[in-house]
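See structure below.
The model shown is predicted, which means the values in this text are computed figures rather than measured ones.
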Amino acid sequence: MQDTAPQTEVPAEDLARHAAKMAKKKAARDKIMATKEGETGLLIVHTGAGKGKSSSGFGMILRCIAHGMPCAVVQFIKGAWDTGERRLIEENFAGLCQFHAMGEGFTWETQDRARDIAMARKGWEKAKELIRDPEIRFVLLDEINIALRYDYLPLDEVLDFLRDEKPPMTHVCLTGRNAREELIELADLVTEMALVKHPFRSGIKGQKGVEF
């Protein structure tokens, strides 16, 4: 059906005012961008009670894949889950992205602290190996903040390694709730996901394509 809604003409003076405003914004933006020349590997933290921490991390992994940048994922805690991200990467992009699922579930599921610590240590050793690899440009440490929160890994050891041994052009992203303040202080980019509403509170379980 043809759209018969009346077309509203924008007065010429409004168009001119808008153009002048946008030109001023562009000039200010260009001035700011002219001072941003350097590139470096970033330490990135995604934390907070809201959904989207891992999702954002995997979004950056897909960007790296799209740019042909070798990358890697180490999953702490949730490693036993069958996730869409893991299927997609292992079945289609294994040549560009290594995927290491090292956890066995949340601590209330395993109910074995010694085992949780051992798995977290195994994941951290793999993470260090990947971060040190000069060919890998981005490493996602999914849910490592949970391992640090429960003291499965020594915080000082993790901080010292990231500060002193991370190659200068390698990006590392750490996800999970309750990121430690010392890690936030060390990071270059920190995003806190705020919880506004979540269907879980209304009795809706996690669903494919949304949660995993």
Side-chain angles (χ1 to χ4, degrees), residues 1-73 83-89 91-93 96-97 136-143 145 162 166 168-181 183-212:
M1 183 167 57
Q2 186 176 1
D3 185 4
T4 59
Q7 301 297 315
T8 303
E9 275 196 30
V10 180
E13 59 268 25
D14 288 350
L15 292 174
R17 190 180 303 113
H18 176 78
K21 183 178 179 181
M22 292 302 104
K24 185 176 180 181
K25 281 190 173 184
K26 183 179 186 308
R29 184 66 179 174
D30 289 347
K31 185 176 180 180
I32 292 172
M33 293 304 294
T35 67
K36 314 298 182 186
E37 298 178 353
E39 292 186 10
T40 188
L42 299 177
L43 187 60
I44 303 162
V45 173
H46 294 161
T47 192
K51 175 176 164 48
K53 299 176 287 293
S54 295
S55 300
S56 180
F58 278 106
M60 288 191 286
I61 284 288
L62 289 180
R63 285 177 180 167
C64 290
I65 290 171
H67 286 294
M69 295 167 56
C71 51
V73 177
T83 64
E85 301 97 331
R86 181 177 177 181
R87 286 191 186 187
L88 178 70
I89 290 170
E91 293 175 9
N92 298 277
F93 305 111
L96 269 177
C97 183
I136 295 177
R137 298 288 309 282
F138 187 104
V139 180
L140 173 61
L141 306 181
D142 189 37
E143 299 289 2
N145 290 342
L162 294 173
K166 182 184 78 65
M169 294 306 294
T170 300
H171 304 298
V172 178
C173 179
L174 304 90
T175 75
R177 294 185 179 207
N178 302 111
R180 303 287 287 270
E181 287 299 324
L183 177 60
I184 290 173
E185 180 66 26
L186 180 64
D188 302 293
L189 171 60
V190 179
T191 300
E192 183 172 5
M193 311 294 184
L195 175 61
V196 179
K197 293 179 72 175
H198 198 293
F200 187 79
R201 292 183 170 181
S202 301
I204 300 172
K205 67 179 182 179
Q207 300 175 80
K208 292 180 180 178
V210 178
E211 249 55 63
F212 57 92

Keeping the roles fixed (side chain from Thr40, backbone from Pro168), state whether a donor-acceptor pair exists under 3.5 Å.
yes

So which atom in Met193 and which in Gly52 form the shortest heavy-atom distance, rounded to 0.1 Å?
CE-O, 3.5 Å

Could you check whether any side-chain N or O of His171 sits under 3.5 Å from a backbone N or O of Phe138, counting only pairs where one atom can act as donor and the other as acceptor?
no

Say you draw a straight line from CD1 of Ile44 to CG of Leu140; how long is it, rounded to the nearest 0.5 Å?
9.5 Å

Arg87: what forms a side-chain hydrogen bond (donor to acceptor under 3.5 Å, both in side chains) with it, not counting sequence neighbours?
Asp82

Stepwise side-chain contact (heavy atoms from CB on, under 4.5 Å) check, Cys173 with His46:
CA-CA 7 Å; Cys173 179; His46 294 161; 3.7 Å; yes

First locate atom CG of Asp142, then atom CZ of Phe58, and finally report the distance between them rounded to the nearest 0.5 Å.
5.0 Å

4.5 Å side-chain heavy-atom contact, Asn145 and Val45
yes

CG/Leu88 to OG1/Thr83 distance, rounded to the nearest 0.5 angstrom?
9.5 Å

Side chains of Ile61 and Cys97: closer than 4.5 Å at any heavy-atom pair?
yes

Taking Glu192's backbone N and O only, do any of them form a donor-acceptor pair with Thr47's side chain (distance below 3.5 Å, no angle check)?
no

Smallest separation among heavy atoms of Ile184 and Val190, with atom names:
O-CG2, 3.9 Å

Considering all heavy atoms, the nearest Cys71-Ile65 contact:
SG-CG1, 4.0 Å

Atom pair CG/CG of Leu43 and Asp188 - distance to nearest 0.5 Å:
6.0 Å

For residues Glu143 and Ser54, report the shortest heavy-atom separation together with the two atoms involved.
OE2-OG, 3.8 Å

Say you draw a straight line from CZ of Arg63 to CE of Met69; how long is it, rounded to the nearest 0.5 Å?
11.0 Å

